[in-house]
Amino acid sequence: MRVISWNVNSLRAREPLLEKLVLTEKPDILCLQELKILDKDYVESFFNKFSLKTLSETQKSYNGVSISYKEDINLKEIPLKKLNLIQARNNTIILENLKLVIINCYFPNGNPIDTEKFINKIEWMKTLFKEIKSLKDDYEILLTGDFNVIPDDEDAYDIKKYKNDALAQPQSRKEFNKLINLDLIDVFKTVPKKQSYTFFDYKTYKFGKDEGIRIDFFLLSPFIKSKMLKLKVLKEYRDLDRPSDHCPIMIDLNI
DNA sequence: ATGACCTGACCATCAGGA
């Protein structure tokens with residue numbers, strides 16, 4: 001089973017690259033973030049063209065997440081409503097036959113740090129922690145998406161630039177580590193730094209300078225990790241016409 | 001450097017991203 005996660009920074013703007021991604025990489029499950037479109041029917045019909053079913057949480061202009069999947073996959077949605085109370089930031093699905101839950105998240109950015117936005121980021125992460133804590137008793141976990149957290153200094157090309165950024169604050173890292181301490185494995189952690197960056201700022205053309213940060217993740221329970229066949233940041237999609245500022249991330253599982 | 005670039009709103013310029 002191949003799972004891809006991608007913060008597309010607008011579905012409409014990324015349609016040509018999404019088509020390429022779907023046709024080339026053939027994901028079984030495709031988790032997207034930052035759709036920036038309200039129209040759920042539009043999102044669904046876009047992926048229908050590629051024989052993918054889709055479930056989505058949307059809002060106008062901002063945020064929005066979706067999970068598309070091959071038609072023969074048997075799954076059900078479990079809405080974690082507390083994660084979508086204010087903005088559309090989560091879809092969660094269960095594959096009952098595998099006892100696996102897949103949680104797709106667009107974590108709040110949280111900047112600037114002296115505002116309500118940062119408080120809301122930390123609250124949202126605490127809510128996610130509680131949800132996963134209760135799910136992990138019954139299910140294997142695959143948690144993915146744009147976490148908007150730089151967990152360690154080495155996950156940025158120059159951590160000094162992020163000293164006052166919500167992504168690298170101790171509180172943000174603490175909430176990230178609480179997820180890890182639920183016995184979830186950050187599988188990209190052992191991938192060499194320059195191959196594990198997932199975001200390159202449009203401003204000052206960071207991609208060309210290889211100055212990125214690692215903020216998109218797969219966090220897996222140990223059994224799912226044991227089924228991992230392949231893992232890759234699809235960096236080439238950051239180098240095409242009209243790219244997202246995030247790279248897609250891809251994992252193959254022997255399940 | 002509270003910058004730069006990109007997107008959606010909507011038509012001039014702002015909010016938001018990270």
Side-chain angles (χ1 to χ4, degrees), chain A residues 5-19 21 32-43 46 56-66 84 86-90 104-125 128 144-173 175-176 188 193 196-217 233 235 237-249:
Chain A
S5 169
W6 194 15
N7 178 324
V8 289
N9 183 19
S10 163
L11 172 77
R12 279 201 156 107
R14 229 56 67 200
E15 282 176 7
L17 293 194
L18 272 167
E19 175 167 359
L21 181 82
L32 301 181
Q33 306 90 38
E34 274 210 273
L35 302 176
K36 293 186 170 181
I37 180 170
L38 181 62
D39 190 342
K40 287 168 80 87
D41 293 338
Y42 184 92
V43 177
F46 176 76
S56 64
E57 291 293 327
T58 64
Q59 68 180 84
K60 190 177 181 182
S61 306
Y62 303 113
N63 309 304
V65 287
S66 65
N84 291 324
I86 304 170
Q87 294 164 321
R89 295 190 175 275
N90 171 259
N104 177 36
C105 291
Y106 177 42
F107 288 46
N109 172 297
N111 278 306
I113 56 174
D114 58 353
T115 67
E116 197 76 9
K117 291 187 174 186
F118 186 66
I119 294 166
N120 291 341
K121 176 194 183 86
I122 301 303
E123 282 307 306
W124 192 93
M125 291 180 75
L128 176 67
T144 189
D146 173 1
F147 284 47
N148 271 319
V149 175
I150 301 170
D152 291 296
D153 289 357
E154 51 269 32
D155 294 321
Y157 69 98
D158 182 2
I159 198 63
K160 294 192 293 294
K161 298 257 195 305
Y162 289 87
K163 185 170 176 284
N164 295 313
D165 196 294
L167 280 62
Q169 292 309 297
Q171 298 100 309
S172 309
R173 290 177 166 182
E175 292 307 315
F176 180 90
F188 277 114
K193 182 169 165 172
S196 65
Y197 291 152
T198 64
F199 172 89
F200 299 87
D201 205 323
Y202 292 128
K203 293 196 284 269
T204 63
Y205 307 98
K206 294 296 191 193
F207 184 75
K209 292 180 264 191
D210 223 358
E211 294 182 342
I213 56 177
R214 190 171 78 90
I215 57 175
D216 300 83
F217 298 87
V233 177
K235 211 172 161 183
Y237 287 82
R238 183 66 181 82
D239 202 22
L240 300 172
D241 266 357
R242 288 193 81 194
S244 169
D245 40 10
H246 290 254
C247 307
I249 56 175

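Please read all numbers here as calculations on a predicted model, not as lab measurements. Order of the sequence lines sets the chain letters (A, B, ...), proteins ahead of strands, with each chain counted from 1.
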Nearest-Å distance once atom [atom1] is located in both [N] and [M]:
N: B:dG16; M: B:dC10; atom1: P; answer: 14 Å
N: B:dA1; M: B:dA12; atom1: C1'; answer: 24 Å
N: B:dT7; M: B:dA18; atom1: P; answer: 14 Å
N: B:dA4; M: B:dA15; atom1: P; answer: 13 Å
N: B:dG3; M: B:dG17; atom1: C1'; answer: 15 Å

Exercise for the section: Working to the nearest 0.5 Å, report the span between OH of A:Tyr157 and CD1 of A:Ile150. Expected result: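 It comes to 9.0 Å.
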Problem - From A:Asn7 atom CG to A:Arg14 atom CZ, the distance as rounded to the nearest 0.5 Å - result: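 A:Asn7 atom CG to A:Arg14 atom CZ measures 9.0 Å (nearest 0.5 Å).
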Send over the distance from [X] [atom1] to [N] [atom2], rounded to a whole Å.
X: A:Leu17; N: B:dT7; atom1: CG; atom2: P; answer: 10 Å
X: A:Tyr42; N: B:dG8; atom1: OH; atom2: P; answer: 10 Å
X: A:Glu34; N: B:dT7; atom1: CD; atom2: C1'; answer: 9 Å
X: A:Asp201; N: B:dC6; atom1: CG; atom2: P; answer: 10 Å
X: A:Arg89; N: B:dA18; atom1: CZ; atom2: C1'; answer: 12 Å
X: A:Tyr162; N: B:dG17; atom1: OH; atom2: C1'; answer: 11 Å
X: A:Lys161; N: B:dG3; atom1: NZ; atom2: P; answer: 14 Å
X: A:Asp245; N: B:dG8; atom1: CG; atom2: P; answer: 12 Å

Handout entry: Ring centres under 6.0 angstrom apart (A:Phe200, A:Tyr205)
Key =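 Ring centroids of A:Phe200 and A:Tyr205 are no less than 6.0 Å from each other.
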Counting only side-chain N and O atoms of [X], is one of them less than 4.0 Å from OP1 or OP2 of [N]?
X: A:Tyr106; N: B:dG16; result: no
X: A:His246; N: B:dG17; result: no
X: A:Arg14; N: B:dC6; result: no

Practice task
Run the numbers on A:Lys235 and A:Asp210 for salt bridge (charged side-chain N to carboxylate O under 4.0 Å, His left out), then give the verdict.
Solution key: CA-CA 11 Å; A:Lys235 211 172 161 183; A:Asp210 223 358; 2.9 Å; yes
Practice task
By nearest nucleotide on DNA chain B, pick out whichever of A:Pro108 and A:Ile37 is the more 5' one.
Solution key: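 Nearest nucleotide further toward 5': that of A:Ile37.
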Handout entry: Toward the 5' end of DNA chain B, by each residue's nearest nucleotide, A:Asn7 or A:Ala13
Key =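 The residue mapped nearer the 5' terminus is A:Ala13.
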What pairs of nitrogen or oxygen atoms, one from the protein and one from nucleotides 10-15 of chain B, lie under 3.5 Å apart?
none

Practice task
Would you mind telling me which of A:Ser244, A:Pro243, A:Pro248, A:Cys247 makes a side-chain contact (heavy atoms from CB on, under 4.5 Å) with A:Tyr237?
Solution key: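 Only one option passes, and that is A:Pro248.
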Handout entry: Exercise: do A:Lys36 and A:Asn9 side chains pair donor with acceptor under 3.5 Å
Key =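 A pair is found: one side chain offers a donor N or O, the other an acceptor, under 3.5 Å apart.
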Exercise for the section: Assess whether atom NZ of A:Lys163 is packed by more than 12 heavy atoms of other residues, nucleotides or ligands within 6.0 Å. Expected result: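 Incorrect, the count does not exceed 12.
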Exercise for the section: For A:Tyr197, enumerate each residue passing the ring-ring contact (aromatic ring centres under 6.0 Å, His included) test, keeping only those at least two apart in sequence or located in another chain. Expected result: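 A:Tyr197: no ring-ring contact (aromatic ring centres under 6.0 Å, His included) contacts found.
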Problem - Residue list, ring-ring contact (aromatic ring centres under 6.0 Å, His included) with A:Tyr162, at least two apart or on another chain - result: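 Listed in chain order: nothing, the list is empty.
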Problem - Contact list for DNA chain B against residues 148-157 of chain A - heavy-atom distance below 4.0 Å - result: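 Output list: A:Asn148.
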Exercise for the section: For DNA chain B, find the residues of residues 203-217 of chain A with a heavy-atom distance under 4.0 Å and give them by number; none if there aren't any. Expected result: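 Contacting residues: A:Lys203, A:Thr204, A:Tyr205, A:Ile213, A:Ile215.
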For [X], which contact category applies under a 4.0 Å heavy-atom criterion: base, sugar-phosphate, or nothing?
X: A:Phe107; result: nothing
X: A:Asp146; result: sugar-phosphate
X: A:Asn9; result: sugar-phosphate

Practice task
Considering only NZ, NE, NH1 and NH2 on the basic side and carboxylate oxygens on the acidic side, decide whether A:Asp201 and A:Lys161 come within less than 4.0 Å.
Solution key: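 The answer is no: the pair does not qualify as a salt bridge.
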Exercise for the section: Taking side chain to side chain donor-acceptor pair (under 3.5 Å) as the test, write out the residues that go with A:Arg173, two or more places apart. Expected result: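 A:Arg173 satisfies side chain to side chain donor-acceptor pair (under 3.5 Å) with A:Asp153 only.
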Practice task
Would you indicate which nucleotide in B:dT7, B:dA9, B:dA18 comes nearest to any side-chain atom of A:Lys36?
Solution key: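 In terms of side-chain proximity for A:Lys36, the closest of B:dT7, B:dA9, B:dA18 is B:dT7.
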Exercise for the section: Given side chain to side chain donor-acceptor pair (under 3.5 Å), test A:Gln33 with A:Asn104 step by step and report yes or no. Expected result: CA-CA 8 Å; A:Gln33 306 90 38; A:Asn104 177 36; 2.7 Å; yes
Problem - Full working for side chain to side chain contact (heavy atoms under 4.5 Å, CB included) between A:Lys206 and A:Phe199 - result: CA-CA 9 Å; A:Lys206 294 296 191 193; A:Phe199 172 89; over 6 Å; no
